[in-house]
**Q** 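Dropping a structure here in structure tokens format, bear with me for questions.
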Amino acid sequence: MGLAAVVAIAALLFPRTPQPLSYHQFADRRSWLGVPNFGDVTSNILFLVAGLWGLEFLCRQSSRERFLDARERWPYFLVFLGLMLTAFGSAYYHLAPDNARLVWDRLPMTIVFMPLVAAVIAERVNVALGLWLLPVLVAIGIGSVLQWYFSEKQGAGDLRFYAAVQLYALLALLVALFLSPRYTHGSYLLVVAGLYVLAKIYESQDLPIFSVGHSVSGHTLKHLAAGAAGLCIVGMLEKRRPIAGDGLHPPVR
């Protein structure tokens, strides 16, 4: 809660920031096979793969062995559903980029990183707290996108709330690494956070990267890095095991 308050206060100290219309002018606008902006559209495939793989994993009977409390699976259902929706929402946006379509790109992304925060809280702090915060965090994430969109429609665009939500999710993952884990392979969260940061770097360097050889753009690489983060989450769940001697959280099936 303290982290959320710090991020919120920091966001309020920044000036109102509208969405630059230039954001929609991506470097790689090439069409192929009749698909406009082919690279940025099709690179969303990794989100779909990660989402389907994650949901398939959670539906396996054997996946229950990866959770001390079966309720801990609930946030991950939303994470993987969000990844699938991101694949479709982002592809839809990149077919004809504008603010109206960008909403459908950003909404499902909040259904990925906010439930992931809830999952981490459930695993490393308290299961009941994580599950209680799950709908609250999702509502805040969705609300941040809607607040941005309607502020743009009113001519007073304000990205601060949405940016704060993303920053909070990233910092929460990093802080979680300092808390006592109940499962092995928790360091995968550091990889997930690293790939997210890498994705943001790629996004900011869209044109410079595309200018080197004109083969792939920074935004396309952003999608691939973020999709790889989704694959890492599934890999973590598949490989992890409860840490022996954890008597604080007895198994609940």
Side-chain angles (χ1 to χ4, degrees), residues 1-8 10-12 19 44 47-48 50-55 57-59 63 67 69-93 101-152 158-176 179 189 192-193 195-196 199-200 226-227 229-234 236-237:
M1 293 302 177
L3 177 62
V6 169
V7 172
L12 291 174
Q19 180 70 62
N44 289 289
F47 293 121
L48 182 60
L52 287 173
W53 180 21
L55 289 174
F57 164 75
L58 290 176
C59 288
S63 72
F67 299 92
D69 188 321
R71 296 173 299 170
E72 293 176 71
R73 301 159 72 229
W74 298 352
Y76 287 108
F77 273 113
L78 284 181
V79 168
F80 299 131
L81 176 62
L83 284 168
M84 288 182 58
L85 293 176
T86 296
F88 294 109
S90 183
Y92 171 71
Y93 163 64
R101 286 181 175 233
L102 184 55
V103 173
W104 302 106
D105 183 359
R106 287 178 169 169
L107 277 175
M109 286 195 291
T110 65
I111 305 175
V112 176
F113 47 73
M114 295 308 263
L116 183 58
V117 171
V120 169
I121 292 172
E123 293 173 0
R124 299 209 175 204
V125 181
N126 180 273
V127 175
L129 177 61
L131 294 177
W132 182 84
L133 285 173
L134 176 60
V136 176
L137 290 172
V138 171
I140 290 173
I142 292 174
S144 73
V145 177
L146 296 179
Q147 178 272 331
W148 158 72
Y149 179 64
F150 287 113
S151 71
E152 294 284 355
D158 192 350
L159 275 168
R160 289 177 298 175
F161 187 16
Y162 177 67
V165 164
Q166 291 192 76
L167 178 61
Y168 167 73
L170 175 62
L171 293 178
L173 288 183
L174 294 176
V175 169
L179 302 177
L189 291 176
V192 171
L195 285 169
Y196 177 78
K200 300 304 287 185
L231 294 174
C232 279
I233 295 172
V234 189
M236 175 188 72
L237 295 179

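What's counted below: heavy atoms across the whole structure, side chains too, no hydrogens, waters or symmetry copies. Here, residue 1 is the first one in the sequence, and each next residue gets the next number.
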**Q** Hey, does Leu189 have a side-chain heavy atom less than 4.5 Å from the side chain of Cys232?
**A**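 Result no, sub-4.5 Å side-chain heavy-atom pair not found.
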**Q** NZ of Lys200 to CD of Gln166: how many Å apart, nearest 0.5 Å?
**A**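 The distance works out to 4.5 Å.
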**Q** Measuring only between side-chain heavy atoms, which start at C-beta, is Val138 closer than 4.5 Å to Thr110?
**A**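 Sidechains of Thr110 and Val138: no contact.
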**Q** Taking the side chain as everything from C-beta on, heavy atoms only, tell me whether Leu81 gets closer than 4.5 Å to Ile111.
**A**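 No, their side chains stay 4.5 Å or more apart.
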**Q** Between Ile233 and Tyr76, does the side chain to side chain contact (heavy atoms under 4.5 Å, CB included) criterion hold? Intermediate values first, please.
**A** CA-CA 9 Å; Ile233 295 172; Tyr76 287 108; 4.0 Å; yes
**Q** To the nearest 0.5 Å, what is the distance between CG (Leu137) and CE (Met114)?
**A**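 Here the interatomic distance stands at 4.5 Å.
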**Q** Show the nearest heavy-atom pair for residues Pro108 and Val103, with the distance to one decimal.
**A**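 Minimum heavy-atom separation between Pro108 and Val103: CD-O, 4.4 Å.
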**Q** Could you grab the distance from atom CG of Leu116 to atom CD1 of Ile121, nearest 0.5 Å is fine?
**A**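 Between atom CG of Leu116 and atom CD1 of Ile121 there are 10.0 Å.
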**Q** Calculate, to the nearest 0.5 Å, the distance between atoms CZ and SG belonging to Phe80 and Cys59 respectively.
**A**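 The CZ atom of Phe80 sits 11.0 Å away from the SG atom of Cys59.
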**Q** Any donor-acceptor pair under 3.5 Å linking the side chain of Gln19 with the backbone of Glu152?
**A**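 Not a single qualifying donor-acceptor pair exists.
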**Q** Could you pull out the closest heavy-atom pair between Val112 and Leu83, with the gap in Å?
**A**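 Nearest heavy atoms, Val112 then Leu83: CG2-N, 3.4 Å.
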**Q** If you take all heavy atoms of Ala50 and Val234, which pair is closest and at what distance?
**A**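 What the structure gives for the nearest pair is O-CG2, 3.7 Å.
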**Q** Applying the side chain to side chain contact (heavy atoms under 4.5 Å, CB included) criterion to Tyr162, which one of Leu167, Val145, Leu146 satisfies it?
**A**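 Of all the options given, the one that passes is Val145.
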**Q** Just so I know, are the side chains of Leu173 and Phe113 near enough to count as touching, which here means a heavy-atom distance under 4.5 Å?
**A**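 They are not in contact (no side-chain heavy atoms under 4.5 Å apart), so the answer is no.
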**Q** Asp105: which residues meet the salt bridge (Lys or Arg N to Asp or Glu O under 4.0 Å) condition with it, sequence neighbours left out?
**A**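 With neighbours one apart ignored, the set is empty.
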**Q** In terms of heavy-atom contacts, does CH2 of Trp53 have more than 12 from other residues, nucleotides or ligands at under 6.0 Å?
**A**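 It does: Trp53 CH2 has more than 12 such atoms within range.
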**Q** Enumerate, atom names and distances included, each donor-acceptor pair closer than 3.5 Å involving a side-chain atom of residues 86-93, sequence neighbours excluded.
**A**
{"from": "Thr86", "atom 1": "OG1", "to": "Gly82", "atom 2": "O", "distance (Å)": "2.7"}
{"from": "Ser90", "atom 1": "OG", "to": "Asn44", "atom 2": "OD1", "distance (Å)": "2.8"}
{"from": "Ser90", "atom 1": "OG", "to": "Asn44", "atom 2": "ND2", "distance (Å)": "3.4"}
{"from": "Tyr93", "atom 1": "OH", "to": "His24", "atom 2": "ND1", "distance (Å)": "2.7"}

**Q** Distance from Glu123 atom CD to Asp69 atom CG, nearest 0.5 Å?
**A**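 Rounded to the nearest 0.5 Å, the CD-CG separation comes to 10.5 Å.
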**Q** Do you know the tightest heavy-atom contact between Gln147 and Asp158?
**A**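 Shortest heavy-atom separation between Gln147 and Asp158 comes out as OE1-O, 3.5 Å.
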**Q** With side chains defined as the heavy atoms from C-beta onward, is the minimum distance between Tyr168 and Val117 less than 4.5 Å?
**A**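 Yes, close enough: below the 4.5 Å cut-off.
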**Q** Once you round to the nearest 0.5 Å, how far does CG of Leu237 lie from CZ of Arg73?
**A**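 That separation rounds to 10.5 Å.
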**Q** Work out which heavy atom in Leu159 is nearest to a heavy atom in Trp148; give both atom names and the distance.
**A**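 Looks like CD2-CD1, 3.4 Å.
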**Q** Go through it in stages, so that I can follow the logic: the residues are Ile140 and Phe161, the test is side chain to side chain contact (heavy atoms under 4.5 Å, CB included), and I'd like the CA-CA distance, side-chain angles, deciding distance and then a yes or no.
**A** CA-CA 9 Å; Ile140 290 173; Phe161 187 16; 3.9 Å; yes
